Protein chains: 2
Amino acid sequence: MSKPTSPWSVAGDRVRQRELKRDAVILAAARAFRERGFHNTSLDDIAAVLHVTKPTLYYYVLNKEQMLFECFREGLNRIVRACGEARDASSSGRERLVELVCRYVEAITSDFGWCMVRAEDQDLSPAMSARIKRLKSEIDQEMRSLIRQGIADGSIGACDPKMTTFALAGALNWIAHWYRDDASLSAAQIAERFVELFVNGLAPRPDGVISGKST
Amino acid sequence: MSKPTSPWSVAGDRVRQRELKRDAVILAAARAFRERGFHNTSLDDIAAVLHVTKPTLYYYVLNKEQMLFECFREGLNRIVRACGEARDASSSGRERLVELVCRYVEAITSDFGWCMVRAEDQDLSPAMSARIKRLKSEIDQEMRSLIRQGIADGSIGACDPKMTTFALAGALNWIAHWYRDDASLSAAQIAERFVELFVNGLAPRPDGVISGKST
DNA sequence: TAGAATTTATACTGGGAAGTATAATCACAG
DNA sequence: CTGTGATTATACTTCCCAGTATAAATTCTA
């Protein structure tokens, strides 16, 4: 203690503090946006939640647009990461897809779920909007790829990968619309039922013919 | 001709003109909102499209909020109507559901599709928001009901009606997000593939076991 | 054509919120 | 305790845009 750690660690501590505070700003923004929408949220609102004033926010963030961008990115990055994990995990294409669905539901029910799917990228500058579109496209392509793999290895029946991805991603993204009002199920439970539905479909299966993975 | 129709018919003509113009205002609003989002659209923008000035809009509409409300309502009403038609048409619960899906896709790809699902009801006053919520709830309940009927009459396998509705409605609503960028398929074609996916699921079906309606 | 009703435009008000200039405070080093 | 950089607050400016007061123009009636 008397011999203090290197001045750099102290400096590093400062830097760390800044990062933590910055994260807090982004999180507060995400929650406020989810609550009231992007345009109905003033920076004063966000500042108030943090017991701070508006100029303080500008010390951590460039402007309101950047806040939205960071919220977008934080949410989408989780799914991109999940894509990576799903890619090497498990065996069959379908099992990888199921894995991804579970992670997806977790992400979408998080604080950043709203921004991820309900915020309009029209509220971002063209440059930022393009970056978000790239992330979304990456996720889209990954899902299509898993479906194609599943078709190839026989774990998924013949289907149009693009439309199937649109349908699946739509069902998942839409969770952000109802999850707050109706949070009666956990993320895992939602994922489970979605998987059941998408794997087996609505049609009644004749007894004894179980083409899904038997649990 | 020399004996003109009753003065009321002339008056009625005026009334009719007003209605037509009012409809044009709502439609222009719907398109503008879809294009730029609600908050990024000024009334001057909408007026410009109609080759008119802002005060003219106020002659046909109470305020901006009401424009959004009418857009919401126009879109949702189509689906509510489709629910009604699906209810008496066809035979099995599943067939009725399929019917509804087809109509749903048509509505969602229309000019009002965006407002129907992507506009935030937070931008409406509590009273208007409540009316929209009621319409949405009506649709939700109808879908659940059809699924329950399907389970009862054996055309749909055992499932959780609420979650199934959430998933199906989500996939359908999400069409509003991608349909403009990727309109490579017609509404009917999209509906067809969605039905195929939701009825049969992803799992490969053993040959000879077709539980869906054989075409 | 006079006059009433309907429709539209010009030119303004007002408020809300993003962003900023400036100064005060705090933390720590020497 | 003194000065330097990091952090925060007060008090503005500025702009955009919804909504309006007022008057003009157009249409219809008689």
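The sequence lines fix the lettering, A, B, ..., with proteins before strands; numbering per chain opens at 1. All figures in this text were calculated on a predicted structure; none of them were measured in a lab.
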Basic-acidic side-chain contact under 4.0 Å: Glu70(A), Arg73(A)
yes
Is Glu19(A) salt-bridged to Arg16(A), going by a charged N under 4.0 Å from an acidic O?
yes
Can you name the residues that form a salt bridge (Lys or Arg N to Asp or Glu O under 4.0 Å) with Glu192(A), not counting sequence neighbours?
none
Just by modelled atom types, is the Ala169(A) backbone N or O under 3.5 Å from a matching donor or acceptor in the Asn173(A) side chain?
yes
Is a side-chain donor or acceptor of Ser145(A) paired with a backbone partner of Gln141(A) at a separation under 3.5 angstrom?
no
In whole angstrom, give the distance that lies between atom [atom1] of [X] and atom [atom2] of [N].
X: Asn63(B); N: dA18(D); atom1: CG; atom2: C1'; result: 9 Å
X: Leu68(B); N: dC17(D); atom1: CG; atom2: P; result: 17 Å
X: Glu65(A); N: dA17(C); atom1: CD; atom2: C1'; result: 16 Å
X: Leu57(A); N: dT7(D); atom1: CG; atom2: C1'; result: 13 Å
X: Leu50(A); N: dA9(D); atom1: CG; atom2: P; result: 11 Å
X: Asp123(A); N: dA17(C); atom1: CG; atom2: P; result: 15 Å

Looking at DNA chain C, which of residues 31-46 of chain A put a heavy atom within less than 4.0 Å of it?
Thr41(A), Ser42(A), Leu43(A)
I'd like to compare against my own output: the B/S/- annotation of nucleotides 5-11 of chain C with a strict under-4.0 Å heavy-atom distance to protein.
-SBBBB-
